[in-house]
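All remarks here apply to the structure that follows.
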Amino acid sequence: MQPLYHPEQIEREAREYWDRTRAFHAVEPAPGENARPKFYCLSMFPYPSGKLHMGHVRNYTIGDVMTRFHRMRGYNVLQPMGWDAFGLPAENAAMANGVPPAKWTYDNIAYMKQQLQSLGFAIDWERELATCRPDYYRWNQWLFLRLLEKGLVYKKTGVVNWDPVDHTVLANEQVIDGRGWRTGALVEKREIPMYYMRITAYAEELLAALDTLPGWPERVKVMQANWIGKSSGVNISFPCELAAGDTPPPRSDDAIAAGGTTLPSPPGGGEEAGRRAETAGGRGENIGEKGVLRVFTTRADTLMGVTFCAVAVEHPLAALAAKGNAPLAAFIEECKRGGVQEAELATQEKKGMPTGLFVTHPLSGEQLPVWVGNYVLMSYGEGAVMGVPGHDERDFEFAKKYGLPIRQVIDWADRKPAGNFTDAWQPWYADPGICVHSGRYDGLDFDQASAAIAADLEATGLGEKQVTWRLRDWGISRQRYWGTPIPLIHCRGEAGHEGEAGREGEAGRAGCGEVPVPDDQLPVLLPEDLVPDGAGNPLARSQAFLACVCPKCGAPARRETDTMDTFVDSSWYYIRYACPDQRHAMVDARAGYWLPVDQYIGGIEHAILHLLYSRFWSKAMRDLGLAGFDEPFARLLTQGMVLNEIFFRKGSDGRITYYNPADVDLKTDEHGKRTGAVLRADGQAVVSDGIGTMSKSKNNGVDPQSLVEEYGADTARFFMMFASPPEQSLEWSDSGVEGSFRFLKRVWNFCYRLSEEFDSDGGIKSIPEVEPHALDPAQSETRRQIHTHLKQANYDMSRHQYNTVASASMKILNALDDPVFAAFAYSLDISGSREKARNARNTVYKEGLAILLRVLSPITPHLCHHLWRELGFGEDILAAGWPEPVEAALLRDELELVLQISGKMRGKLKVPAGASTQELERFALSHEAVLRHAGGRAVKRVVVVPGRLVNVVV
Ligand code: ANZ
Ligand code: ZN
């Protein structure tokens with residue numbers, strides 16, 4: 001055995017061994033085979049951005065520890081890896097460097113794959129996939145067409161978030177504080193046609209099934225439930241009379257793609273369960289001659305407190321009122337330019353204008369003014385609210401600002417307004433209470449009043465109970481190049497008939513509209529040689545891509561140039577890992593074996609969208625007969641962030657420059673207390689901005705590559721696991737890294753020392769059987785400690801508390817590396833046979849090492865692989881099985897010693913085996929016999945004969 005620890009060499013050798021033996025190749029059991037339990041461990045796949053960052057290393061090490069632990073415990077394990085390879089950064093890089101996104105992406109994949117491999121992850125690389133490869137995305141297209149057939153994909157124009165920098169539509173959740181999540185640009189509203197996935201059809205199940213996921217973090221489930229946002233309330237109709245001819249225009253987003261299309265329109269009863277969140281539809285009849293204005297409320301009990309109604313700026317009634325009302329039209333235009341983010345609308349200054357129209361209170365008959373309000377969302381409920389300024393904060397603010405009446409219709413037993421009710425808003429004004437000033441409903445509580453009012457409204461046809469969802473359908477169209485082409489063809493018939501598409505009776509000549517690409521023409525290949533220039537989608541200018549033939553009529557036609565949201569790609573990649581080489585189908589029986597994922601691991605930033613889309617997608621696949629499970633991820637672990645200190649300087653022009661902590665020296669005073677920090681390059685001071693997530697923008701990242709090069713992969717892995725429990729944030733620390741390296745060196749040195757010792761007694765052939773009776777007290781005690789730490793480590797392994805597994809391995813080494821144990825002093829005293837004593841000790845050493853190396857091996861696999869073989873335990877530690885503590889070894893032995901006082905036997909002393917000399921002295925001096933017989937005389941000395949007697953000389 002080599003005396004010195006050289007991680008580079010042993011890590012390379014270990015990986016070569018795993019490659020040679022296909023150690024991590026996952027195999028499905030043959031039919032009829034008595035199968036081991038399976039464990040599908042999945043970490044969220046990376047975007048191939050260029051190189052790995054510490055967050056990746058942490059995520060994948062956690063998954064790897066879990067995988068290796070399960071493998072050694074006898075599970076049939078699958079741990080795959082792939083690439084979330086479509087998306088905007090490739091296009092941006094392409095623009096900056098003039099290379100096609102494909103090349104940039106494939107180069108990055110090659111580099112990052114080699115980085116991942118250098119970390120020794122137990123990945124089945126034979127299942128690698130990249131979502132930008134046609135053999136993957138063809139199944140996106142194929143499933144898109146199946147969902148289209150089922151009405152789960154549909155087209156509509158809608159108000160969307162438009163990122164003016166990326167020239168792309170953003171999902172609501174991609175808008176953060178009114179800005180694009182990637183560009184930070186102020187988002188605008190636009191109306192464009194796009195394709196939607198009807199995720200709302202699954203709203204009820206997506207919500208209810210959260211209860212079937214005990215292995216998910218509670219907070220993720222709460223986030224999902226809030227996102228789905230189920231509200232039970234009442235739809236109330238406020239009758240209104242409009243002048244004849246004043247029929248409002250239909251809502252633009254109801255307009256289905258101009259006729260002639262072969263696409264199914266949204267199912268006739270477009271308002272069926274899941275679509276209710278999209279109640280924006282079918283508003284045509286909402287207002288009309290002798291029509292009604294419908295609002296959604298969760299507080300029907302406050303109906304008698306309504307003093308106005310307010311509609312969204314996009315509401316047809318607003319458009320109607322704006323005709324011939326220039327100031328109102330201008331106000332509506334101004335509001336439309338703002339963001340569409342709900343949070344933003346909720347917090348921005350309330351603004352509104354009266355429409356000049358009035359509606360009738362459905363119970364009192366009172367005339368109420370209708371306003372346009374910027375805080376009313378078109379996309380929620382009915383796009384209109386009943387204003388109850390007494391009990392809704394937004395309405396209160398609005399009423400105060402515009403001088404609308406405020407009425408108290410709820411009273412609370414325990415609280416009274418200090419001054420006038422209308423003076424200032426109190427948060428508890430919104431609490432349910434008892435109805436007052438509400439006529440026949442006075443005295444009723446929330447439940448009673450809500451029920452009574454709903455019943456009265458139902459009786460007159462002016463209200464019905466309604467469940468409303470916050471969840472919206474998933475707009476998947478992106479006006480981008482680097483994504484899955486949407487498999488549709490636009491047929492305009494013979495040349496020159498543009499614009500006539502779909503005219504009735506002329507379909508043959510005028511074209512077939514939008515035609516799905518037939519399955520046997522899939523995949524619609526994305527050209528890999530285009531270089532975007534920032535001016536829109538290059539697909540729209542590629543004749544080679546655009547030109548095609550209509551599958552229906554054979555006329556020349558044009559391909560759809562929109563591509564799919566990359567969340568589509570990641571919604572089912574975990575299923576494809578089961579059968580990545582299946583060329584004839586999206587999935588096969590192997591998916592039935594591996595799915596659902598037993599443990600999913602990734603960042604909390606994906607707690608909502610990715611997980612919700614994946615859940616929806618797999619349920620849709622289930623309903624198409626393509627998947628046999630309800631939920632894709634049985635258990636979920638969200639790992640914490642990797643943090644590091646942030647250093648910066650502010651220039652004279654106010655510009656902030658961030659400096660990497662690796663380039664900063666810390667100044668300390670004589671007590672080691674920190675006094676400041678300077679940039680090594682110029683010795684000038686830099687300012688600390690505290691601790692924050694490692695990020696490019698704060699320049700506080702640590703490059704995993706350099707860490708691996710300096711210390712080896714095992715040190716990087718050990719530090720990552722040791723520094724913090726997986727779900728908590730991890731603070732970077734150079735001294736922590738060095739400490740990790742020192743510990744691994746210590747393991748190595750200890751094994752080296754013992755290997756010399758063992759060589760002299762024939763070496764290790766296998767894990768020895770320990771004969772408990774042959775052990776002296778110190779040996780029993782060492783063994784007891786080892787098994788105690790093992791028991792703790794196994795418990796912590798099972799609850800993914802890897803930091804304490806790492807520290808348990810340190811404790812095991814400490815127990816083994818104990819000088820008293822090493823010297824087998826007790827044994828000599830008891831048996832007198834040096835040979836026997838040494839043998840007994842060495843079995844404890846060997847058993848202890850076999851435990852230590854296996855417990856440590858999921859965390860530092862290369863080192864443990866090497867030492868296992870080097871010491872002679874066996875060929876492959878992966879095949880060694882996981883160690884379990886021996887229950888009998890956990891018990892602390894008690895010894896009975898003779899207690900003498902000045903040489904005379906005065907009693908028996910019960911002590912724990914392995915107690916030190918000092919402990920024995922303490923036990924003796926506090927013994928009741930000593931206190932009695934010594935009678936206050938000074939103790940001259942205490943003689944300890946280990947394992948035999950203690951003599952207190954007075
Ligand atoms: C009257 C009322 C009185 C309301 C009161 C609240 C308190 P959740 O629970 O989130 O579903 N609302 C309805 N549609 C809206 C829209 N399109 N834009 C903005 N706000 C809208 O919220 C339901 C409540 O949100 C509804 O109940 C309505 O205000 C408002 F003391 O109606 B409430
Ligand atoms: Zn055609």
Side-chain angles (χ1 to χ4, degrees), residues 41-66 84 89 112 115-116 119 121 173-174 176-177 181-182 184 216-224 227 570 599-611 633 635-648 658-662 664 688-708 715-737 739-740 799-806 859:
C41 183
L42 180 70
S43 292
M44 290 181 183
F45 64 166
Y47 179 77
S49 55
K51 51 185 188 176
L52 290 185
H53 56 68
M54 277 302 170
H56 290 128
V57 177
R58 187 173 193 203
N59 190 155
Y60 301 146
T61 305
I62 293 167
D64 202 48
V65 171
M66 216 178 278
D84 189 9
M112 290 171 73
Q115 281 193 307
L116 282 176
L119 281 153
F121 297 133
E173 52 282 0
Q174 292 173 321
I176 294 149
D177 295 333
W181 71 330
R182 287 190 197 277
W216 280 40
E218 207 48 47
R219 71 167 173 151
V220 173
K221 288 192 274 186
V222 168
M223 285 160 88
Q224 294 233 334
W227 189 263
S570 53
Q599 178 71 58
Y600 199 24
I601 306 160
I604 188 78
E605 66 275 19
H606 293 298
I608 298 178
L609 290 182
H610 163 59
L611 293 174
F633 312 119
R635 280 182 295 275
L636 174 70
L637 186 153
T638 50
Q639 97 265 10
M641 295 290 197
V642 184
L643 313 176
N644 200 2
E645 188 156 5
I646 301 164
F647 293 102
F648 73 99
Y658 289 97
Y659 297 97
N660 194 283
V664 170
S688 169
D689 197 20
I691 307 283
T693 306
M694 280 191 184
S695 73
K696 265 199 191 128
S697 61
K698 297 286 166 76
N699 188 13
N700 65 338
V702 176
D703 183 12
Q705 191 68 31
S706 56
L707 181 68
V708 171
T715 293
R717 296 172 58 120
F718 187 89
F719 169 71
M720 282 287 171
M721 293 302 97
F722 176 66
S724 164
E727 279 163 301
Q728 274 162 42
S729 54
L730 179 154
E731 235 180 82
W732 189 260
S733 141
D734 290 330
S735 59
V737 172
S740 301
R799 57 185 189 132
H800 312 146
Q801 182 99 8
Y802 302 132
N803 58 322
T804 47
V805 174
I859 302 177

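Because only heavy atoms are used, hydrogens play no part in the values below, and waters and symmetry mates are left out as well, while side chains stay in. All values reported here derive from a predicted model rather than from experimental measurement. For this chain, numbers begin at 1 and follow the sequence in order.
- Listed for the Trp216 side chain is a donor-acceptor partner under 3.5 Å among the backbone atoms of Phe633.
- Using a 4.5 Å heavy-atom cutoff, the side chains of Met66 and Ile601 are in contact.
- Rounding to the nearest 0.5 Å gives a distance of 6.5 Å between CE of Met112 and CD of Gln115.
- No donor-acceptor pair closer than 3.5 Å links the side chain of Asn700 to the backbone N or O of Phe647.
- The shortest distance between side-chain heavy atoms of Val805 and Met721 does not fall below 4.5 Å.
- Taken from CE in Met44 to CD in Glu605, the straight-line distance is 7.0 Å, to the nearest 0.5 Å.
- Note on ring orientation: taking the six-membered ring where Trp is involved, the planes of Tyr60 and Phe121 are perpendicular (angle over 60°, cut-offs 30° and 60°).
- A donor atom on one side chain and an acceptor atom on the other are found under 3.5 Å apart for Ser695 and Ser697.
- Taken to the nearest 0.5 Å, the CD1 atom of Ile691 stands 12.5 Å off from the NZ atom of Lys698.
- Annotation for Val708 and Ala716: closest pair CG2-CB, 4.4 Å, computed over non-hydrogen atoms.
- Counting heavy atoms from C-beta on, the side chains of Ile859 and Phe722 never come closer than 4.5 Å.
- For the atom pair CG of Leu42 and CD of Gln599, the computed distance is 10.0 Å after rounding to the nearest 0.5 Å.
- Under a 3.5 Å cut-off, the side chain of Arg58 and the backbone N or O of Gly640 do form a donor-acceptor pair.
- Below 30°, between 30° and 60°, or above 60°: for His606 and His610 the angle between ring planes is above 60°, a perpendicular geometry.
- Here the closest heavy-atom approach between residue Ser43 and residue Gly63 is recorded as OG-CA, 4.0 Å.
- Between Gly603 and Asn59 the shortest heavy-atom distance is N-OD1, 4.5 Å.
- Val57 pairs with exactly one of Leu707, Leu119, Val702 by the side chain to side chain contact (heavy atoms under 4.5 Å, CB included) rule, that one being Leu119.
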Does the side-chain contact (heavy atoms from CB on, under 4.5 Å) test come out yes or no for His800 and Tyr802, once each step is laid out?
CA-CA 6 Å; His800 312 146; Tyr802 302 132; 3.4 Å; yes
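- Using a 4.5 Å heavy-atom threshold, the side chains of Trp732 and Val737 count as touching.
- At a threshold of 4.5 Å between non-hydrogen side-chain atoms, the residues Val664 and Glu645 do not count as touching.
- For the atom pair CZ (Phe648) and CG (Asp689), the distance works out to 5.0 Å, reported to the nearest 0.5 Å.
- Heavy atoms only, all atoms of each residue included: Thr638 and Pro217 are closest at OG1-CG, 4.1 Å.
- The heavy-atom pair separating Ala607 from Met223 by the smallest distance is CB-CE, 3.8 Å.
- Within the model, atoms CG of Leu730 and OG1 of Thr693 stand 11.5 Å from one another, a figure rounded to the nearest 0.5 Å.
- A heavy-atom distance below 4.5 Å is not found between the side chains of Gln705 and Leu52.
- In this structure, the side chain of Ser724 engages the main chain of Ser729 through a donor-acceptor pair within 3.5 Å.
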